[in-house]
2 protein chains.
Amino acid sequence: MKATINDVAKQAGVSIKTVSRVINNEASVRQLTREKVQRAVDELNYQPNLSARNLAGAKSYSIAYIYDNPNAYYIIDMQKGILSACKQQGFELLIHPCDSKSQGITEEVVNMVKQARIAGLILTPPLSEMPEFVKTLVDLDVKVVRILSGDVAPDDLSPCVMVNDRDAAQTITQHLIDLGHKDIGFLAGDAVHMSTIERYKGYRRALKASNIEFNKALVIEGSYSFDSGVSGAKELMSVQTANPRPTAIFSCNDEIAAGALFAARLMNISIPEQLSIVGFENSPFSRQTWPKLTTADQPNNQIAEDAAMLLISQIRKQKNPITISQYVPKLIVRDSTAQCEKL
Amino acid sequence: MKATINDVAKQAGVSIKTVSRVINNEASVRQLTREKVQRAVDELNYQPNLSARNLAGAKSYSIAYIYDNPNAYYIIDMQKGILSACKQQGFELLIHPCDSKSQGITEEVVNMVKQARIAGLILTPPLSEMPEFVKTLVDLDVKVVRILSGDVAPDDLSPCVMVNDRDAAQTITQHLIDLGHKDIGFLAGDAVHMSTIERYKGYRRALKASNIEFNKALVIEGSYSFDSGVSGAKELMSVQTANPRPTAIFSCNDEIAAGALFAARLMNISIPEQLSIVGFENSPFSRQTWPKLTTADQPNNQIAEDAAMLLISQIRKQKNPITISQYVPKLIVRDSTAQCEKL
DNA sequence: TTATTAATTGACAGCGCTGTCATTTTTTTA
DNA sequence: TAAAAAAATGACAGCGCTGTCAATTAATAA
């Protein structure tokens, strides 16, 4: 029923070792032989048995995705991308949810890596932002690829896939500026997350580039949640004598933006006529609010696939130098932003 | 470094086959021997090698979770529960996202099962609600456990874990009735989903139990989305001469409820004073709205773990008859419901 | 007690593949 | 052209475990 390497060998008229060489893309196989084998592989629809490979070889064909992120949409997207790379490359994916704040997290992961003979790991924030943790893992005999917020890798511990939130935030802020907004509020996400910091930097940079004076009172600390968006927007929009009331709000993600939208409704502020609001992430959230959110699209699926491919090529020692690929989320203009009406 | 079955055998002074018997919980091992081996296993912190097991044995130690559900929170929860069962039982989990509406879905899954030597599958809605699909899989040599909405299994194709949405919906509707509400709107989810149908039945049953006349005009068709909640609530709450304006709304899930909440705000209807709204699912959503939603808690994590355990025991042929376990989501009263003010 | 049966245990092959190393074939050099 | 070097291929063991079946031991019957 299912073809084995033996069947292929017979069909191609070579030894199983030669078949093994072909499917592992090793050198020192004549072109002619390689084609012969490849044909047999195709005819029999042969796929190597992962268990046997893992057992026999020194190498491992398993990678793991370790996550701790309250945002389920993010994880599902990532997972899908990684899975897609694994399928293409004949790798197996282990999923490991965990709690980054727990005491024994490092030991837990180290054990897992040893036990399951994991060849590589994919780390997303906040795990990818924990240097100690990453260092411990890299010192083990396991490849690591991190997905991080920023434009350059913070160190050379491992290859990284960078998501340039800063440039994206600048672009999206610029979009508001282009619409005539000058008093732009900033609703921050969790301050410990790099993404918040980067998005803040982009916001500042855009203001500076347009010679708009930065007003600290328009920056509200918070967290990546709907609630935070509600309270932050309320604070921003309540009448204050000293500060101008903002005509636009930059929210660090779509959830916050949804909260801000909600608060605006409570305060009878019409969106986008009286107030423009932007989100970040292009999560399903942003299409479910009314009006739909202008946001920055982060192709998580693609980012994850890219990261997994990078990891696998590292494992295969296809010695491409430590590549850093970079993504810049793209502006998506929807219905929550409009020309500034204030004169 | 990592202990093998050989190490354990030596340490215990028995043959590897005996160790194998102990770890597989086979009969015909003397109690004394069993303890001796168990001690060695513990001392060496031995864990059987999955690849070797999969390769050597006729059995497989892999199960798969096949999903297609737009609700990421649901999937993450499920996945976590399944993963937990797998860890306990020494099984491996394959994750397979897919599109239930695609043409070749059945073939795709069948192939996967064959290729990866999957011993069992866990199916959640909407896949678990596709009889043809399930039948094809059951006819293969693979165990299936479905998670379904309802109180009894629709057939005896496979064991099921039932989530009794009907009783839960009745309870939650009763909660509204207890608060004095009589005109209770119903915002449906996708009509093709069993969960919508069951929740609707529970709603009807509660009305009947309290001798409240059913009013078809208060039932709005829709889908499981925020938008649907917004438009549905608008429709319900717009002034209609013929129908009483509802004082409470039953929403088929939290997203719909969040939408209804939003619409109410737009219409200057205060929650919960003028209108009570309930959700369903207890998703993170329900804690992020303001006011927080009264809802029905569905312990997805636990349900999934239960399903996985059931599946694994099936695979192990621990011939407990086809068990159907049932969960009834529990009412969680938060801030979106209050005494009816209408006299 | 001894013969018979049942319960335990172990020896060994083999799952499908890769690593090592010997063998064969091809290419290069003298 | 023969000898040496390099490239290509194959034979075989073994990864860690389970299945089969034979060997041993304990329990029961005669």
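Every chain is numbered from 1, with letters handed out A, B, ... down the list of sequences. What you see below is based on every heavy atom in this structure, not just the backbone, and it leaves out hydrogens, waters and symmetry mates.
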- Task: Give S51(A) one of three labels, base, sugar-phosphate or nothing, depending on what nucleic acid heavy atoms sit under 4.0 Å from its own.
- Result: nothing
- With a non-hydrogen cut-off below 4.0 angstrom, is A27(A) in contact with a base, only sugar-phosphate, or nothing? nothing
- Task: Check I303(A) against V163(A) and note the closest heavy-atom contact, atom names and distance.
- Result: CD1-CG2, 3.7 Å
- Atom CD1 of I16(B) to atom C1' of dG10(C): distance rounded to whole Å? 9 Å
- Task: Apply salt bridge (charged side-chain N to carboxylate O under 4.0 Å, His left out) to D42(A) and list each qualifying residue two or more places apart in sequence or on a separate chain.
- Result: none
- Note on the structure: Ranking T18(B) and I5(A) by the position along DNA chain C of their nearest nucleotide, the one closer to 5' is T18(B)
- Identify whether the distance between the nearest side-chain nitrogen and carboxylate oxygen of D7(A) and K2(A) falls below 4.0 Å. no
- Query: On DNA chain D, nearest-nucleotide positions of N24(B) versus R21(B): which is more 5'?
  - Reply: N24(B)
- Message: So, using ring pair (Phe, Tyr, Trp, His ring centres under 6.0 Å) as the criterion, who are the partners of Y73(B) when residues are at least two apart?
- Response: Y73(A)
- Counting only side-chain N and O atoms of R30(B), is one of them less than 4.0 Å from OP1 or OP2 of dT9(C)? yes
- Message: Taking the axis from the first five pairs and the axis from the last five, what angle separates them in the helix from dT1(C)-dA30(D) to dA30(C)-dT1(D), rounded to 10 degrees?
- Response: 40°
- Note on the structure: The ring pair (Phe, Tyr, Trp, His ring centres under 6.0 Å) partners of Y327(B) (sequence neighbours excluded) come to none
- Taking all heavy atoms of A85(B) and all of I312(B), pick out the closest pair and write down the distance. O-CD1, 4.2 Å
- Which two nucleotides bound the region of DNA chain D that has atoms under 4.0 Å from heavy atoms of chain A, read 5' to 3'? dA8(D) to dG16(D)
- Task: Could you tell me which residues satisfy ring pair (Phe, Tyr, Trp, His ring centres under 6.0 Å) with F133(B), sequence neighbours excluded, listed by chain and number?
- Result: none
- Query: Does R146(A) pair with D155(A) as a salt bridge, N-O distance under 4.0 Å?
  - Reply: yes
